[in-house]
> 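Below is one structure. I have some questions about it.
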Amino acid sequence: WLGAAIAAMSLTGAGEALAQPDPFADYEAWKQGEAPEPVAPPPAVVEGPVIETGQWNWSLGARTQFSLGWASYERPVGDNGTATNIFFRLSPEVSTFVWDRVQVGFNAGLYSKLASNNPRDSTRETGMLLEATGFYYAPISPRFAFVPGIGLGGYFGAGSRTLTTTVGNSVIETEDSTSTGGFSVAVYAGIAYQLIDHLQLRSGLALNALLGVESPESRSDSFESYTTHVGIPVELYYNF
């Protein structure tokens with residue numbers, strides 16, 4: 001039986017040797033111009049949520065913004081007035097990627113503006129702001145992206161204007177209701193962060209300009225009005 005065991009072990013070792021790759025096979029193939037195919041590394045596995053920027057990925061969310069800025073408005077008599085202003089907006093938005101990393105959207109929401117200066121001139125208005133936007137997502141990491149963009153649109157609303165004039169030694173203050181309207185332009189620079197799957201947070205800086213007119217109820221003409229402001233938008237989106 002010892003001889004049979006030795007013979008079985010020999011056959012097993014021979015089988016294992018035959019099963020091993022020939023160490024000279026790659027060298028012989030290389031000599032004949034047939035180099036072995038490279039082995040591709042396994043794809044990297046990204047843990048956690050990632051920002052999806054593929055074509056036709058949609059987002060539904062809302063944008064808020066609080067801003068400080070500067071305003072110029074036409075007066076019935078004398079020079080134009082200037083004032084500091086406070087601006088706030090809340091706008092639901094829908095957007096989609098028309099190309100990889102290129103996103104377009106549309107938002108419509110409420111805005112409110114208050115401007116005043118030292119002579120006690122002031123203007124207040126609340127209305128609707130409509131805006132079409134375009135953004136480019138530049139990846140920083142799987143969850144972060146730098147997002148510059150632009151916005152173009154228009155606005156309309158109503159408010160009031162208070163003007164002060166000096167007649168002799170007296171200061172006369174008049175207040176009038178107004179209707180407002182015009183165009184809006186915006187430039188954005190922000191950071192997008194994927195909080196969890198399907199939920200994205202975006203914030204940064206926004207430079208806005210409102211170019212339009214105010215029409216007092218007591219007059220047949222309109223006054224030019226310009227507002228520029230810089231603010232911090234805070235935006236939350238659901239991706240699908």
Side-chain angles (χ1 to χ4, degrees), residues 61-95 103-135 147-165 172-190 202-235:
R63 168 181 298 161
T64 64
Q65 182 179 325
F66 180 80
S67 307
L68 298 175
W70 173 85
S72 173
Y73 55 93
E74 189 177 2
R75 297 173 55 117
V77 293
D79 297 332
N80 289 351
T82 59
T84 56
N85 74 83
I86 299 173
F87 180 89
F88 175 79
R89 68 179 290 187
L90 174 60
S91 303
E93 183 173 62
V94 60
S95 54
Q103 185 186 57
V104 298
F106 179 78
N107 63 77
L110 298 176
Y111 79 92
S112 180
K113 184 180 72 171
L114 169 64
S116 61
N117 59 12
N118 290 333
R120 297 176 62 187
D121 281 4
S122 65
T123 180
R124 300 173 180 85
E125 64 183 80
T126 302
M128 178 72 70
L129 177 61
L130 311 174
E131 183 182 49
T133 58
F135 293 96
V147 187
I150 59 173
L152 298 173
Y155 70 96
F156 59 91
S160 64
R161 171 187 280 210
T162 300
L163 295 176
T164 58
T165 55
I172 300 174
E173 183 178 288
T174 58
E175 183 174 354
D176 203 353
S177 298
T178 60
S179 59
T180 64
F183 299 97
S184 68
V185 182
V187 178
Y188 300 101
R202 203 162 72 195
S203 187
L205 289 176
L207 173 62
N208 303 81
L210 303 180
L211 316 173
V213 296
E214 295 182 2
S215 302
E217 288 187 353
S218 63
R219 301 176 61 93
S220 59
D221 54 351
S222 299
F223 298 131
E224 295 178 350
S225 176
Y226 307 97
T227 303
T228 57
H229 49 90
V230 178
I232 300 176
V234 178
E235 307 161 24

> Could you list the residues that satisfy side-chain hydrogen bond (donor to acceptor under 3.5 Å, both in side chains) with T228, not counting sequence neighbours?
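T228 satisfies side-chain hydrogen bond (donor to acceptor under 3.5 Å, both in side chains) with no other residue.
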
> With rounding to the nearest 0.5 angstrom, report the OH to CE distance, Y155 to M128.
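One gets 15.0 Å once the value is rounded to the nearest 0.5 Å.
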
> Mind running side-chain contact (heavy atoms from CB on, under 4.5 Å) on L210 and F87 for me, showing each step along the way?
CA-CA 11 Å; L210 303 180; F87 180 89; 3.7 Å; yes

> Measure the spacing between CG of L130 and CZ of F156 and express it to the nearest 0.5 Å.
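Spacing of CG (L130) from CZ (F156) equals 5.5 Å.
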
> Can you see which heavy atom on P92 is nearest to which on G109, and at what distance?
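Heavy atoms only, the tightest pair is CD-CA, 4.2 Å.
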
> Assess whether side chain to side chain donor-acceptor pair (under 3.5 Å) is satisfied between S184 and E131, documenting all intermediate values.
CA-CA 8 Å; S184 68; E131 183 182 49; 5.1 Å; no

> With sequence neighbours left out, write down each residue that passes side-chain contact (heavy atoms from CB on, under 4.5 Å) with I86, or none if nothing qualifies.
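I86 satisfies side-chain contact (heavy atoms from CB on, under 4.5 Å) with F66, L68 once adjacent residues are dropped.
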
> Using the test side-chain hydrogen bond (donor to acceptor under 3.5 Å, both in side chains), find all partners of T84 that sit at least two apart in sequence or belong to another chain.
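If we apply the side-chain hydrogen bond (donor to acceptor under 3.5 Å, both in side chains) test to T84, skipping adjacent residues, there are no hits.
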
> Quick test of your reading: applying salt bridge (charged side-chain N to carboxylate O under 4.0 Å, His left out), list the pairs with at least one residue in residues 202-212, sequence neighbours left out, ordered by first then second residue.
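Listed by first then second residue: R202-E235.
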
> If you look at every heavy atom in P216 and F223, which pair is closest and at what distance?
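So the two residues come closest at CG-CE1, 3.5 Å.
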
> Listed by chain and number, what are the salt bridge (charged side-chain N to carboxylate O under 4.0 Å, His left out) partners of E125, not counting sequence neighbours?
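E125 satisfies salt bridge (charged side-chain N to carboxylate O under 4.0 Å, His left out) with K113 only.
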
> Any side-chain heavy atom of T133 sitting closer than 4.5 Å to one from I150?
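Contact flag for T133/I150 side chains = no.
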
> S91: which residues meet the side-chain hydrogen bond (donor to acceptor under 3.5 Å, both in side chains) condition with it, sequence neighbours left out?
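S91 satisfies side-chain hydrogen bond (donor to acceptor under 3.5 Å, both in side chains) with R89 only.
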
> Using the salt bridge (charged side-chain N to carboxylate O under 4.0 Å, His left out) rule, collect all pairs that involve residues 204-218, keeping only residues at least two apart or in two chains.
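Listed by first then second residue: R161-E214.
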
> State which residues pass side-chain contact (heavy atoms from CB on, under 4.5 Å) with S112; sequence neighbours excluded, sorted by chain then number.
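Expected list: T126.
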
> Which atoms form the tightest heavy-atom contact between A115 and N85, and what is the distance?
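Between these two residues, the closest heavy atoms are CB-CB, 3.7 Å.
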
> Return the set of residues passing side-chain contact (heavy atoms from CB on, under 4.5 Å) with S160 (not counting sequence neighbours), or none when no residue passes.
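In terms of side-chain contact (heavy atoms from CB on, under 4.5 Å), with neighbours along the sequence ignored, S160 is linked to R124, E175.
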
> Measuring from L129:CG to N107:CG, what's the distance to the nearest 0.5 Å?
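Taking CG in L129 and CG in N107, the distance rounds to 6.5 Å.
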
> Could you tell me whether I232 atom CD1 has more than 12 heavy atoms of other residues or ligands within 6.0 Å of it?
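Not more than 12 within 6.0 Å, no.
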
> Could you give the distance from CZ (F88) to OG (S67), rounded to the nearest 0.5 Å?
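It comes to 10.0 Å.
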
> Quick one: list whatever passes side-chain hydrogen bond (donor to acceptor under 3.5 Å, both in side chains) with S203, sequence neighbours left out.
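With sequence neighbours excluded, S203 shows a side-chain hydrogen bond (donor to acceptor under 3.5 Å, both in side chains) to no residue whatsoever.
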
> For A206, give me all partners under side-chain contact (heavy atoms from CB on, under 4.5 Å), at least two apart in sequence or on another chain.
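Q65, Y188, N208, P233.
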
> Can you check whether A158's main-chain N or O pairs, donor with acceptor, with S179's side chain at less than 3.5 Å?
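Checked: no pair found.
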
